[in-house]
Amino acid sequence: MHSMLRVATWNVNSVKARKERFLAFLHRQRPDIVCLQELKGLEEIFPLAETKAAGYHAAIHGQRTYNGVALLSREPIAQVVKGFDDAGDETAARFIGGTTMGVRAYSAYIPNGQAVGSDKFAYKLEWMRRLRAYFDARHRPNEKILLAGDFNVAPEDRDVYDPEAWRGQILFSEPEKAALAKICGFGFQDTFRKFHEEGGHYSWWDYRQLGFPKNRGLRIDFIFATAPLWERCSAASIEREERKGTLPSDHAPVLAEFDG
DNA sequence: ATGGTTGCTTAGCAA
């Protein structure tokens with residue numbers, strides 16, 4: 001691994017709609033590895049020329065209208081995987097991985113689930129089960145692995161602006177929290193919580209009902225790292241500024257830094 | 001200011 005590794009994850013909610021903001025973010029923050037979610041388009045809508053000019057290699061798993069994930073890196077990306085390759089449903093482009101800059105990195109967009117008890121909720125839990133199974137089958141927790149993305153689950157009360165109102169609801173139900181804990185049980189730790197213990201830090205705010213101005217948010221975007229990386233994590237942040245201004249994504253980017 | 005989303009695709013869905 002390199003002497004310093006800066007990693008970012010961001011659900012951009014359409015890379016086409018967010019193109020200028022996203023490129024400005026790349027130039028301002030200069031992350032080494034970037035995990036993107038909700039591209040909402042095929043690879044042809046991704047600003048490949050601009051990201052290449054900014055110094056990035058890219059691996060894209062696109063999809064028309066929905067989903068879509070990408071991995072960017074300052075160095076070439078090897079052994080790219082798209083989807084779980086486990087005989088389950090692969091119609092949704094929600095998972096991409098690659099080896100770059102001395103680590104194995106994955107960008108994941110966990111299904112939203114819509115409502116507890118719905119068909120989409122069952123799909124979400126099954127997708128999360130498959131995510132854990134993927135790591136059990138392909139990796140060991142002593143490898144340097146990053147798993148970053150929009151998990152659509154807030155793990156604890158301190159990650160929710162009004163936990164009593166949200167308790168049992170979608171994004172904050174017990175089965176979802178258990179499924180996320182199971183994924184982390186592989187050996188992933190939350191880089192943000194290494195440095196920030198208190199509540200009030202969120203990564204997503206609903207566009208509706210003045211969610212952001214009222215800071216009615218949830219922390220559902222994470223950069224998880226296995227122990228060999230987590231131990232070297234030296235900083236983590238949520239870039240709340242990116243949620244401000246004209247036509248932002250409903251998610252803020254999350255950053256983490258690792259010392260080599 | 002007594003309200004109040006956005007994006008994709010084109011009226012309705014997803015988040």
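By convention in this document, chain letters (A, B, ...) are assigned in the order of the sequence lines, proteins followed by strands, and residues within each chain are numbered from 1.
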Kindly state each residue pair satisfying salt bridge (Lys or Arg N to Asp or Glu O under 4.0 Å) with at least one member in residues 29-39 of chain A, sequence neighbours excluded. D32(A)-R74(A)

Spacing of the [atom1] atoms in [M] and [N] (rounded, Å):
N      : M      : atom1 : value
dG4(B) : dT9(B) : C1'   : 24 Å
dG3(B) : dC8(B) : C1'   : 26 Å
dT6(B) : dT2(B) : C1'   : 24 Å

Scan nucleotides 7-15 of chain B nucleotide by nucleotide, 5' to 3', and note B when protein non-hydrogen atoms come under 4.0 Å of the base, S if they reach only the sugar-phosphate, - if neither. SSS----SB

Aromatic ring centroids of F212(A) and W205(A) under 6.0 Å? yes

Y123(A) and N112(A): side chain donor to acceptor below 3.5 Å: no

Six-ring centre of Y109(A), R94(A) cation under 6.0 angstrom, axis tolerance 45°: yes

Any ion pair linking E197(A) and R158(A) (charged N to carboxylate O, less than 4.0 Å)? yes

